[in-house]
Amino acid sequence: MIALVDCNNFYVSCERLFAPELKNKPVVVLSNNDGCVIARSDEAKELGVKMGVSAFEVKDLVQSGKLQAFSSNYVLYGDLSNRVVQTLSQFSNEIEVYSIDESFLNLQGVSDLENYAIQIRTKVRQCTGIPTCVGVASTKTLAKIASRYAKKNHKETGVWILDTPEKIEQVLRATPIEDIWGVGRRYAKMLEAYNMYTAFDFTQTNEHWVRAKMSVVGQRMLYELRGIPCLSVDLVNEPKKNICTSRSFGTMLTQYGPLSEAVSNFAAACAFKLRKQKSVANYVHVFVTTNPFSKHEKQYFNSITITLPVADSDSRVIIKNALLGLSKIYRDGFKYKKAGVIVSGIVPEDEYQLALFSPNPNNNARKVMEVLDAINHSNGRNKLKLAAQGFDRTWKLKNERLSQRYTTRFDELLVINI
DNA sequence: TCTGGGGTCCTAGGACCC
DNA sequence: TCTGGGGTCCTAGGACCC
């Protein structure tokens, strides 16, 4: 059997750990740039705050004190997420960290599943303060459905076990089609057009029809819902095949200078992520865009892919090529809202193909990057930069409601007055 | 006035190979 | 006028996830 452990309103729960006065109060966490709502407490949901609404739509609620809003604080959430996984590792040797707030655990051999799931939940709460829901079933897709069912219908225990055909059917009948893992807006609409409204309806459908309409992805969903596992618990984190760093700007950029600083920083971040997973990339892709939402401004979007002579992860090389790309696609006279760098064609750093006529790999360059990473790691993040990255940060994003990095920075510890 | 960021997998179709 | 068969690789686009 497989358990899905899902943290409840994870970002909000993280913020509440250090602001206990917000317990039972409506709280939301905003996206980067304080753009839109990406996490809501139950109370905020009850207030009618929808997922993904723009920050300005809840501005009145926030200003009148009815709703508390935070900028997203990924350093804090990432650290707490690691602590949750640490705790979970006591309960299974086989864990797949599926996302920042969800993990699958292989519970093969556990006899009293309900009791075990309750123990998991209690322990995570005790060790990290984060509330969770646990769903247990024979497949990942059913475990997802079970945890969602626990969250909706059994909030007190926070646990639901799908261990009999009767329980499975009952829960499938109670699950709307769009809540199946793998059914997004398009598929939900399509399936409803064929009179399928619940997960149960879907399981009654002909397999060949599903295959034709939804490819092998849909077929796997069907099998999984019928209790036949198609998706395994993946224990190792495969290295990323694409790495992207992009941001919207706090204010529109109209000059090449700040835009190039932003792109340099995005490129440096991509290079760092590459080195962290011990990879090198063959392509550097740069894009810039104006604000597609503003009706009256001139619109411009462009992107370019630069092929590196040799796959690399050196910040200087990635920045240089990203800037080369930017210089080719930049046009004067636009208000740029967002830019980004994507590195792709990623291969392990010890397996890359040397260029035919290039000199031997530059070991000195690798050393320089190792030193750079070591200093930036020990000295608080990103103190040491390359000149192109600049220090103006006029492009920086908006986060006016940022909480402290309580768990990872000594100078931002929680202070208690007694 | 305001609208996130970072990923994955699958398929179809074109280019190219023998 | 006739014009094979069987592959691989790559990319763009569409669907999805959190």
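Computed from a predicted model, the values in this text were never measured in an experiment.
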Looking across every strand, which nucleic acid part, if any, lies under 4.0 Å from [X] by heavy atom: base, sugar-phosphate, or nothing?
X	answer
A/Glu57	nothing
A/Val53	nothing
A/Lys59	base
A/Ile342	nothing
A/Asp34	nothing
A/Ser72	nothing
A/Ile243	sugar-phosphate
A/Lys213	nothing
A/Arg148	nothing

Of the options [options], whose atoms approach the side-chain atoms of [X] most closely?
X	options	answer
A/Tyr98	B/dG7, C/dC17, B/dG6	C/dC17
A/Val216	B/dG4, B/dT11, B/dC2	B/dT11
A/Thr245	B/dG6, B/dG5, C/dC17	B/dG6
A/Val217	B/dC2, B/dC9, B/dC10	B/dC10
A/Asn242	C/dC18, B/dT8, B/dT3	B/dT8
A/Tyr187	B/dT11, B/dG6, C/dC16	C/dC16
A/Arg211	C/dC16, B/dT11, B/dG4	B/dT11
A/Lys240	B/dT8, B/dG5, C/dC18	B/dT8
A/Cys244	B/dT11, B/dG7, B/dG4	B/dG7
A/Asn33	B/dT3, C/dC18, B/dC10	B/dT3

Quiz item: Hey, which of these two, A/Ile38 or A/Arg220, hits DNA chain B nearer its 5' end, going by closest nucleotide?
Solution: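 The residue closer to the strand's 5' end, by nearest nucleotide, is A/Ile38.
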Quickly work out the [X] [atom1] to [N] [atom2] distance and round it to whole Å.
X	N	atom1	atom2	result
A/Met190	C/dG14	CE	P	16 Å
A/Lys140	C/dC17	NZ	C1'	12 Å
A/Ile304	C/dT11	CD1	C1'	17 Å
A/Trp181	C/dC16	CH2	C1'	11 Å
A/Phe266	B/dG4	CZ	C1'	12 Å

**Prompt:** Hey, are A/Ser41 and A/Lys25 close enough side-chain-wise for a donor-acceptor pair under 3.5 Å?
**Reply:**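 On atom types as modelled, these side chains do not qualify, holding no pair under 3.5 Å.
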For [N], take OP1 and OP2 only and decide whether either is under 4.0 Å from a side-chain N or O of [X].
X	N	value
A/Ser294	B/dT1	no
A/Lys241	B/dG6	no
A/Ser215	B/dC9	no
A/Lys338	B/dT3	no
A/Lys337	B/dC2	no

For C/dG6, the Watson-Crick or wobble partner whose two distances fall under 3.5 Å: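 Matched C/dG6 with B/dC17 under the 3.5 Å cut-off.
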Inset, instruction - Report yes or no: is the cationic atom of A/Lys337 (NZ for Lys, CZ for Arg) under 6.0 Å from the centre of the six-membered ring of A/Phe249, at an angle within 45° of the ring normal? - result: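 Relative to the ring axis of A/Phe249, which defines the angle, A/Lys337 lies outside at least one limit.
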May I ask you to decide whether [X] forms a salt bridge with [Y], counting only side-chain N to carboxylate O separations under 4.0 Å?
X	Y	result
A/Glu178	A/Lys189	no
A/Glu349	A/Arg275	no
A/Arg220	A/Glu224	no

Between the main-chain N or O of A/Leu76 and the side-chain N or O of A/Asn73, is there a donor-acceptor pair closer than 3.5 Å?
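Yes, the answer is positive, given that a donor and an acceptor are paired below the 3.5 Å cut-off.
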TODO: Kindly say whether the aromatic ring centers of A/Tyr197 and A/Phe202 come within a distance under 6.0 Å.
DONE: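 Not under 6.0 Å, so no.
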